[in-house]
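One structure is given below, encoded as structure tokens.
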Amino acid sequence: MANFSKSQVPQFSVEVYQNEFLPEGGREVNAIVTVTSTGGGTTGGIPLADAAPGYGAGQGPGAAVVLMVDCSGSMDYPPTKMRNARDATAAAIDTLREGTRFAVVAGTHVAKDVYPGNGGLAVADARTKAQAKEALRKLSAGGGTAIGTWLRLADRLLNSADVSIRHGILLTDGRNEHESAEDLRAALDSCAGRFTCDARGVGTDWEVKEVTGIAAALLGTADIVADPSGLAADFTVMMENAMGKEVADVALRLWTPVGVEIRFVKQVAPTVADLTARRTEANARAGDYPTGSWGDESRDYHVCVLVPEAGIGQEMLAARVSLILPDPSGAGTPQTLSQGLVRAVWTDDMVASTSINPQVAHYTGQAELAQVIQQGLDARKSGDFDGATAKLGRAVQLASASGNQDTAKLLSKVVDVVDAATGTVRLKAKVAEADEMTLETRSTKTVRVKK
């Protein structure tokens with residue numbers, strides 16, 4: 001492991017927003033937990049000597065990236081698509097920081113390590129970047145699509161190096177037709193927790209739920225690049241974000257006392273992602289929820305628990321939320337980076353107990369917004385136009401009320417808005433496939449609450 005003694009990892013903070021007051025007999029406690037990391041690699045962070053051993057900055061030998069490029073036959077239609085994919089991958093390679101380990105995988109019905117081609121990773125410098133871009137020029141389209149095999153090869157390559165940040169970037173233009181859904185799911189289960197992955201669909205012939213499912217399972221981002229000419233700019237931003245990651249495998253640990261039940265744990269900003277089923281037990285009273293890699297950024301989580309009934313005037317600690325950094329060797333004690341408390345207080349003050357915390361109300365609406373968009377689009381595809389109108393009308397209402405202007409604009413390409421405040425809409429008779437897919441792909445993107 002390289003010496004990172006002069007680098008720093010981010011300083012984490014946890015803030016809890018909630019209305020802790022419950023009426024007599026009340027049991028449900030909701031809290032928004034804002035996690036912020038600052039100062040990684042610059043100033044204000046924790047010196048690595050004081051952090052868990054083995055964690056370096058996202059730059060240099062502490063990071064590895066594998067770029068997976070779809071080279072199936074459909075990438076030749078139109079012929080410019082393959083050229084745009086090569087140009088985009090070259091732009092991403094140019095964005096790599098010196099010293100980052102990297103590889104390029106060509107994906108068809110099989111996966112091929114096209115650079116460096118030796119079953120391992122190259123170290124980014126001027127020479128290896130030029131070699132990788134030369135290898136890209138030889139990529140051509142032909143064959144099928146089996147994304148699970150691409151991911152498994154990326155996993156083997158990434159884990160051939162002793163680094164802390166492992167990241168994949170995956171581009172596809174088609175459906176995963178040359179392996180079963182079970183094969184892809186098994187590959188995702190195998191790779192989960194081993195590396196993060198951003199996934200992009202180019203054009204309009206790919207399956208939204210496949211691409212978003214890959215990103216969700218591997219704690220990355222998903223998006224559509226409907227026009228292949230936009231790939232280079234998108235890949236550059238993706239790689240810049242990957243290079244900004246400073247620490248991996250941070251877990252949100254939720255401790256609850258005896259008698260408290262966990263209803264759900266969700267990330268609610270910058271996107272909605274349900275983490276409830278991804279819990280791993282830490283001890284008898286605590287469980288860990290994966291959050292992936294962090295740079296300088298802030299995210300919000302919604303924690304909902306059920307507490308035992310108690311009398312007026314009683315109070316209790318409903319949950320303790322901690323940010324945990326594991327010892328990479330697996331042998332030492334995990335480091336607690338920061339923590340916050342979720343409380344429950346029973347009162348007969350009706351004003352206090354019925355007030356909804358603004359952060360909780362906002363993100364409850366954002367989670368519903370993501371859900372009704374998906375339900376509305378599914379109803380539209382199945383021919384249930386009344387159901388689609390109702391769901392998408394509710395989506396317009398929620399987007400308007402919360403100030404989610406980006407989602408409101410996407411919705412306006414699928415429905416004619418009669419009255420946003422009441423959610424009165426009409427389905428458009430004709431909708432461009434790219435517009436519908438963009439709305440579906442970005443449906444989980446949220447806006448932060450105005451504080």
Side-chain angles (χ1 to χ4, degrees), residues 1-2 54-56 58 60-72 85 89 92-93 96-97 99-124 128-129 131-132 135-136 138-139 143-172 176 178-200 210-211 213-222 235 238-239 242-243 245 248-249 290 292-293 326 328-330:
M1 175 68 69
Y55 283 89
V65 181
V66 172
L67 296 120
M68 293 162 272
V69 184
D70 191 335
C71 293
S72 61
T89 308
I93 289 169
L96 287 165
R97 286 178 177 166
T100 302
R101 311 288 178 88
F102 77 103
V104 179
V105 168
T108 59
H109 51 285
V110 294
K112 184 180 179 183
D113 167 18
V114 295
Y115 186 81
N118 57 8
L121 299 166
V123 178
T128 57
K129 287 182 181 182
Q131 289 175 345
L136 288 176
K138 301 173 185 176
L139 294 184
T145 305
I147 295 174
T149 65
W150 313 354
L151 293 167
R152 289 185 186 276
L153 176 55
D155 184 35
R156 290 195 296 273
L157 293 170
L158 288 167
N159 283 278
S160 69
D162 186 10
V163 294
S164 58
I165 303 289
R166 296 182 175 92
H167 192 77
I169 290 177
L170 185 149
L171 171 71
T172 184
N176 197 44
H178 292 83
E179 68 182 358
S180 68
E182 291 74 22
D183 287 339
L184 177 57
R185 173 46 56 190
L188 289 171
D189 289 344
S190 173
C191 296
R194 292 169 63 82
F195 67 95
T196 56
C197 185
D198 294 324
R200 294 294 184 268
E210 283 179 355
V211 170
I214 291 165
L218 302 182
L219 300 174
T221 64
F235 266 47
M238 260 197 298
M239 188 61 82
M243 292 295 93
K245 300 301 183 184
D249 301 325
S293 302
S329 70

Judged by atom type as modelled, is there a donor-acceptor pair below 3.5 Å linking the side chain of [X] to the main-chain atoms of [Y]?
| X | Y | answer |
| --- | --- | --- |
| Thr89 | Ala85 | yes |
| Asn176 | Ile147 | yes |
| Thr100 | Ala63 | no |
| Arg101 | Arg166 | no |

Contact summary for [X] and [Y], nearest pair of heavy atoms:
| X | Y | result |
| --- | --- | --- |
| Arg185 | Ala217 | NH1-CB, 4.2 Å |
| Leu184 | Gly148 | CD1-N, 3.8 Å |
| Gly213 | Leu188 | O-CD1, 4.3 Å |
| Asp113 | Gly119 | OD2-N, 3.1 Å |
| Thr145 | Thr172 | CG2-OG1, 4.4 Å |
| Ala111 | Val105 | CB-CG1, 4.1 Å |

4.5 Å side-chain heavy-atom contact, [X] and [Y]:
| X | Y | answer |
| --- | --- | --- |
| Phe195 | Val66 | no |
| Asp70 | Trp150 | yes |
| Met243 | Val65 | yes |
| Ser72 | His178 | no |
| Met239 | Ile169 | yes |
| Leu151 | Leu218 | yes |

Criterion side-chain hydrogen bond (donor to acceptor under 3.5 Å, both in side chains) on His167 and Thr196, from CA distance to verdict: CA-CA 5 Å; His167 192 77; Thr196 56; 2.7 Å; yes
How many angstroms lie between [atom1] in [X] and [atom2] in [Y], if you round to the nearest 0.5 Å?
| X | Y | atom1 | atom2 | result |
| --- | --- | --- | --- | --- |
| Ile214 | Arg200 | CD1 | CZ | 12.0 Å |
| Leu136 | Gln131 | CG | CD | 12.0 Å |
| Ile165 | Asp249 | CD1 | CG | 8.0 Å |
| Leu121 | Leu157 | CG | CG | 5.5 Å |
| Asn159 | Arg194 | CG | CZ | 4.0 Å |
| Lys138 | Cys71 | NZ | SG | 14.0 Å |

Is it the case that more than 12 heavy atoms not belonging to Lys129 sit under 6.0 Å from its NZ atom?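 More than 12 heavy atoms, drawn from other residues, nucleotides or ligands, come within 6.0 Å of this atom.
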Worked check of side-chain contact (heavy atoms from CB on, under 4.5 Å) between Phe235 and Ile93: CA-CA 9 Å; Phe235 266 47; Ile93 289 169; over 6 Å; no
Give the intermediate values and the outcome of side-chain contact (heavy atoms from CB on, under 4.5 Å) for residues Met68 and Cys197. CA-CA 10 Å; Met68 293 162 272; Cys197 185; 4.0 Å; yes
